[in-house]
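Comments concern the structure below.
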Amino acid sequence: MKHNTDKPLDSNDELLPEFIVSRALESLGITLTHKPECIEEIAYYLQNNGQNNGLDDPALIDLTYLPFVTIDHDHSNDFFTDQALYVERDAEGYRVMYALADVAYYVQPGSALFSQALERGATYRTCVSDTPMLPVELLTALTSLSPDIPRRALVFEIHLDVNIAVRSYNIRQARICCAATLSYGSVQRWLDTKAADTQKYHASLKLLKEVGTKLIETSTEPKTVYFDNTQAQFIVSGSPPRVVATSGKRFDTEHYCQHISQICDRQGAIILMGLAGVSDVLQAMFRVHDLPLKKSLNALKAALNEWASSDAQPEMWQWHDGQTLAQFVGALPKDKVHGRRVYAIQRQIMQAQKNIAFAPEPGDHHALRKSGYVRFSSPANDIVGLYAQAELLEALRGARYTHNTDDLLIENVIQAAKAVRQQQRALDKKIAFSVLHSYFMSDLENNDAQWRMGTIIGIGTDKLYVSLDDLAIDIKIYRTDLEAWYATQYTSTNTHTIACNQNAQSWQLGQCVNLKLQRYDVAKLRFIFCMQAHTQTQ
């Protein structure tokens, strides 16, 4: 019998992380097993004691002498990794080497492995373990850039001048051997201590910080909008183990790696754009992120200015005519006193953004300030990265695949990318529901439940959205519940919920509030919270 993921968990066994995740995966039809024909293809590469693994390919350049390292999230569940980097100084600036596992060598269009990857679309991420897009046997035995094991890799070699402008670039298939597997947190802590070099890759990490810092500084442009980067994380903690929600900011080290990855993605896109009209076989797929519609921005501007007019210092919050979105955000107060209101504004802007899409023709990616952007990262974890790598390798070789792609393939990849994003969101939502119940279990059983502080970050016609400080997750507060608690009717705008009774509490965007869990509504499948305005004495 399938588990019902739309009800709260009851027993201690049902609170175990493995149970929470497994029932969410089961409800969405996501399985760990892969088709037998995929395993057969992997066996071919592993037969004869691995002599068919492609490492003796004469086309590969030997870079095993360079101390590449992989850097991943502190709570990553990956037992494989497909990205590594190495940075050194040269006479005119820097030499950045960014390696991607050569997954496309083993997973070519027309193969069973590629068909399986297209069917799955991506690796599904959870706090317990990942459900990989490709078989574990392939990842661990052939493609993972694990320490001290020679692997095939697609290496982006980027030469930057002292001002971080690209002087030249090259992309080649190579053989590498990583020196270590690290985390963003461990690298950040080592860099912060300014410790002496004791490992052969330490000099590269210091240059990663130097290059990354310059890339971040030079990326600050008038059209760029920067947001608070606090993120919610679900992790497994405690004994017995439980899934808990926590919040935290991203490490600077992650931003360094992200900017280097974007440089490589851009250079690969340039190659594809240059060849896209030459070969009828080459079918590049670009990531497109359009600007918010002018109508949406105008509505947002009007709502925020109405909100500003009700403040004691309206000029501080006014979005002036002729001011771009980025200029408006950049002019907002930076002090902690106004942090909640600024955060609420950022969340409103994020809601107005358009989603990232995929297209066979180059388009603008306004969030990254690029025209013609292709994401090559994570070829083992998503069909977009795998397909982009396959097309880039085809372009570099100037030859057709044995199994030619047809006109429908790129459309199938685009549809798979869209579907998997929706599926991952559904998976996250189901796990989050269970985590919330687990997290608030003591509150449900305790008549003296604790109050939790948060910020009103959105107002709809029938509900308010509150971001909790300690969890970095959003809670819905329904207007009907407010009306019952405060014995008054409410009317709402985009920025205010006003009580008809002047003596009752009214609410506004950016307001600091306290929430306390009251009960779980079984009929409506939702948690009910009491909300009150936060005061300095609380």
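Keep in mind that this is a model prediction, so the values were computed, not measured. For this chain, numbers begin at 1 and follow the sequence in order.
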Trp190 and Leu182: side chain to side chain contact (heavy atoms under 4.5 Å, CB included), yes or no, with the steps? CA-CA 11 Å; Trp190 183 83; Leu182 309 174; over 6 Å; no
Measuring from atom [atom1] of [X] to atom [atom2] of [Y], what distance do you get when rounded to the nearest 0.5 angstrom?
X      : Y      : atom1 : atom2 : value
Thr488 : Asn503 : OG1   : CG    : 9.5 Å
Cys264 : Ile158 : SG    : CD1   : 4.5 Å
Met531 : Asn514 : CE    : CG    : 10.0 Å
Tyr86  : Leu205 : OH    : CG    : 11.0 Å
Leu304 : Asn494 : CG    : CG    : 9.0 Å
Gln318 : Lys301 : CD    : NZ    : 9.0 Å

May I ask you to decide if [Y]'s main-chain N or O and [X]'s side chain share a donor-acceptor pair within less than 3.5 Å?
X      : Y      : value
Asn163 : Ala165 : no
Thr455 : Gly510 : no
Gln348 : Leu300 : no
Ser467 : Ile457 : no
Lys430 : Asp428 : no
Asp82  : Ala380 : yes
Thr70  : Ala84  : no
Thr218 : Leu215 : yes

Whether Arg125 and Asp130 form a salt bridge (side-chain N of Lys/Arg under 4.0 Å from carboxylate O of Asp/Glu) is what I want to check. yes
Look at Lys463 together with Asp481 and state whether they make a salt bridge at an N to O cut-off of under 4.0 Å.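 Not counted as a salt bridge, because no side-chain N and carboxylate O are separated by less than 4.0 Å.
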Would you say that [X] contacts [Y] through its side chain, given a criterion of any heavy-atom pair below 4.5 Å between the two side chains?
X      : Y      : value
Asp90  : Arg167 : yes
Asp252 : Gln188 : yes
Val96  : Phe156 : no
Ile30  : Gln423 : yes
Asp382 : Val420 : no
Ile431 : Ile20  : yes
Leu515 : Ile475 : yes
Thr480 : Asp462 : no

Are side-chain N/O atoms of Gln83 and Ser378 paired as donor and acceptor at under 3.5 Å? yes
Given Lys214 and Asp161, is the salt bridge (Lys or Arg N to Asp or Glu O under 4.0 Å) satisfied, shown in steps? CA-CA 11 Å; Lys214 289 185 177 182; Asp161 64 20; over 6 Å; no
May I ask you to decide if the ring planes of His73 and Tyr184 are parallel, tilted or perpendicular, using 30° and 60° as cut-offs?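 The arrangement is perpendicular - the two ring planes meet at more than 60°.
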Once you measure the plane-to-plane angle for Trp319 and Phe328, does it fall in the parallel (<30°), tilted (30-60°) or perpendicular (>60°) bin?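 Geometry flag for Phe328 against Trp319: parallel rings.
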Heavy atoms only: give me the nearest [X]-[Y] pair and the separation to one decimal.
X      : Y      : result
Ala101 : Leu145 : N-CD1, 3.9 Å
Ala180 : Tyr201 : CB-CE2, 3.6 Å
Tyr94  : Arg89  : CE2-NH1, 3.7 Å
Ser506 : Ala499 : OG-N, 3.0 Å
Ile216 : His259 : CG1-CE1, 3.7 Å
Tyr169 : Val166 : CD2-CG1, 4.3 Å

For His320, the ring pair (Phe, Tyr, Trp, His ring centres under 6.0 Å) test, sequence neighbours excluded, returns none
Under the rule for ring pair (Phe, Tyr, Trp, His ring centres under 6.0 Å), what residues qualify as partners of Tyr478, not counting sequence neighbours?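 Ring pair (Phe, Tyr, Trp, His ring centres under 6.0 Å) list for Tyr478, sorted by chain: empty.
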Against Glu88, only a single residue in Lys206, Arg95, Lys200 fulfils salt bridge (charged side-chain N to carboxylate O under 4.0 Å, His left out); can you say which? Arg95
Counting only heavy atoms from other residues, nucleotides and ligands, does the tally under 6.0 Å from CD of Gln489 exceed 12?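 Atom CD in Gln489 is not packed in, count stays at 12 or less.
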Step through the shown structure and confirm whether more than 12 heavy atoms of other residues, nucleotides or ligands are within 6.0 Å of NZ on Lys336.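 Not buried by this count: 12 neighbours or fewer within 6.0 Å.
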Just to verify, which of Ile498, Leu482, Ile459, Ile477 counts as forming a side-chain contact (heavy atoms from CB on, under 4.5 Å) with Trp507?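 Running side-chain contact (heavy atoms from CB on, under 4.5 Å) over Ile498, Leu482, Ile459, Ile477 with Trp507 returns exactly one hit, Leu482.
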Verdict with supporting geometry, Ser492 and Thr497, side chain to side chain donor-acceptor pair (under 3.5 Å): CA-CA 4 Å; Ser492 295; Thr497 293; 3.0 Å; yes
With Tyr343 as reference, evaluate Arg347, Arg341, Arg340 under the side chain to side chain donor-acceptor pair (under 3.5 Å) test and give the passing residue. Arg347
Please walk me through it: do His534 and Trp451 pass ring-ring contact (aromatic ring centres under 6.0 Å, His included)? CA-CA 10 Å; His534 177 79; Trp451 289 92; over 10 Å; no
Kindly say whether the aromatic ring centers of Trp317 and His338 come within a distance under 6.0 Å. yes
Taking distance alone, no hydrogens or angles, what donor-acceptor pairs closer than 3.5 Å link side-chain atoms of residues 521-530 to residues at least two apart or in another chain?
unit_1, atom_1, unit_2, atom_2, d
Asp521, OD1, Ala523, N, 3.1
Asp521, OD1, Lys524, N, 3.0

